[in-house]
A.B. asks: 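Have a look at this one before I ask anything.
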Amino acid sequence: MPELPEVETVKTYVYERVLHKKIKNIKVLDKKLRWPIDTKKIGNTKSKTIKLVTRRGKYILLQFDEPMLTIVIHLGMTGIIYFRKISEYKKRKHDHLVLYFDEYVLVYNDVRKFGSIHVTNEPSNMFLLKGLGPEPMSEGFNTDYLFDKANRRTCSVKELIMNQKVVVGIGNIYAAEALFLSKIHPSSSANKISKKKYEILVKNIKQVLSKAISMGGSTIKDFVNAEGKPGYFTQELLVYKKKYCPIHKKNLISNIKISGRSSFFCDKCQKL
DNA sequence: CAAGACTCCTGTCAGC
DNA sequence: TGCTGACAGGAGTCTT
């Protein structure tokens, strides 16, 4: 499911509910995720108060009173976080972790178990966070930076911008959208695209992500609440899973595989 | 370092 | 209705 805008929305949702709240109890219902949940380490967060809720790339960080003690959550493809009143909470299929607060529980649920939950004392050095590229909305992600990264690679431009070591937060959907807006073919070799094109691409990445973030309040909440509604940004999408190009209206959107992932584009707008 | 294949897991949907 | 195979918004690991 989640790329940067979705994770940002979930982060805000969690932030509003758990900031300054103390974890009263913890239940690990199913430790099997991408890496098994370390029951003992997660237990260390009991009786601790959440001081900060932040996001780094597609990771959500719950930071505690105790210096540096942090829960790191990745939603994988199907991870969701939802809240219930304690009295109304009934275990659902694929619930993995339950954090008990005064009146509410926070539940991590993940059908495909591609997500992960870690506890670390040193988030900046934690193996999953250490090598991450810059945030796409930051100044560090700019034309010069991306052009420099691209020049040393032969992979496709789509793989380049989806590589979390190059820039964080972009997944299959927003990669397709940003490339369409920039009129760049997703299969183009990263090192054969002009600097001018990268300038346009950087601008469009920032634009499409910030627009998606700004719309994060609507249907994503239902998704967060595990109500099973589809992603909120779907009505705004231009090429992802679309049949026709919004510009060349009779032209069918192409769908090819690039390193195993569906890649949608318009062959009239986006030439190789 | 870079690139490619492989892997984890469950649910859904199209086609027969 | 049931079976089968393809596919799903991710990313680490292993090998070359």
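Remember, it's a predicted structure, so these values are computed and weren't measured experimentally.
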A.B. asks: Whole Å only: how far is the CD atom of E6(A) from the P atom of dG9(C)?
C.D. replies: 12 Å
A.B. asks: Between P on dG9(C) and CG on L237(A), what's the gap in Å once rounded to a whole number?
C.D. replies: 12 Å
A.B. asks: Could you tell me the Watson-Crick or G-U partner of dC9(B), where both distances fall under 3.5 Å? Say none if there is no partner.
C.D. replies: none
A.B. asks: Is there a Watson-Crick or G-U wobble partner for dG9(C) with both distances under 3.5 Å, and if so, which one is it?
C.D. replies: none
A.B. asks: Step by step, work out the salt bridge (charged side-chain N to carboxylate O under 4.0 Å, His left out) result for K21(A) and D102(A).
C.D. replies: CA-CA 8 Å; K21(A) 298 272 196 287; D102(A) 261 333; over 6 Å; no
A.B. asks: Calculate the interatomic distance between I173(A) atom CD1 and dG10(C) atom P; express it in whole Å.
C.D. replies: 7 Å
A.B. asks: Can you tell me if K27(A) has over 12 outside heavy atoms packed within less than 6.0 Å of its NZ?
C.D. replies: no
A.B. asks: Give me the distance, rounded to whole Å, that separates dG9(C) from dA14(B) when you measure between the P atoms they each carry.
C.D. replies: 16 Å
A.B. asks: Between dG9(C) atom P and I80(A) atom CD1, what is the distance in whole Å?
C.D. replies: 17 Å
A.B. asks: So T154(A), base contact, sugar-phosphate only, or nothing? Heavy-atom distance under 4.0 Å.
C.D. replies: sugar-phosphate
A.B. asks: Touch check for F264(A), heavy atoms < 4.0 angstrom, all strands: base, sugar-phosphate only, or nothing?
C.D. replies: nothing
A.B. asks: Please figure out whether Y240(A) or L132(A) has its closest DNA chain C nucleotide nearer the 5' end.
C.D. replies: Y240(A)
A.B. asks: Rounding to a whole Å, what distance do you find between I161(A):CD1 and dG10(C):P?
C.D. replies: 12 Å
A.B. asks: What's the verdict on ring-ring contact (aromatic ring centres under 6.0 Å, His included) for Y240(A) and F264(A), showing C-alpha distance, side-chain angles and the deciding distance?
C.D. replies: CA-CA 6 Å; Y240(A) 181 76; F264(A) 298 87; 5.1 Å; yes
A.B. asks: Tell me whether E159(A) is salt-bridged to R261(A), with the criterion being a basic N under 4.0 Å from an acidic carboxylate O.
C.D. replies: no
A.B. asks: Check whether the ring centres of F83(A) and Y13(A) lie less than 6.0 Å apart, and answer yes or no.
C.D. replies: yes
A.B. asks: Using the P atom in both, what is the distance from dA6(C) to dC6(B), to the nearest Å?
C.D. replies: 15 Å
A.B. asks: In whole angstrom, give the distance that lies between atom CD1 of I170(A) and atom C1' of dA11(C).
C.D. replies: 15 Å
A.B. asks: First and last nucleotide of DNA chain B touching chain A, 5' to 3', heavy-atom cut-off 4.0 Å?
C.D. replies: dA2(B) to dG11(B)
A.B. asks: Whole angstroms only, please: what is the NZ-P distance between K58(A) and dG9(C)?
C.D. replies: 11 Å
A.B. asks: When you get a sec, tell me which of dG12(C), dG9(C), dA11(C) is the closest nucleotide to the side chain of L128(A)?
C.D. replies: dG12(C)
A.B. asks: Is NZ or CZ of R92(A) both nearer than 6.0 Å to the six-membered ring centre of Y82(A) and within 45° of the ring axis?
C.D. replies: yes
A.B. asks: Should the heavy atoms of other residues, nucleotides or ligands under 6.0 Å from OH of Y145(A) be counted, would the total exceed 12?
C.D. replies: yes
A.B. asks: Less than 5.5 Å between centroids and less than 30° between ring planes, does F114(A) satisfy that with dG10(C)?
C.D. replies: yes
A.B. asks: Between P on dG9(C) and CG on L209(A), what's the gap in Å once rounded to a whole number?
C.D. replies: 17 Å
A.B. asks: Between dG11(B) and dG12(C), how far apart are the two P atoms, rounded to whole Å?
C.D. replies: 25 Å
A.B. asks: Should the heavy atoms of other residues, nucleotides or ligands under 6.0 Å from NZ of K206(A) be counted, would the total exceed 12?
C.D. replies: yes
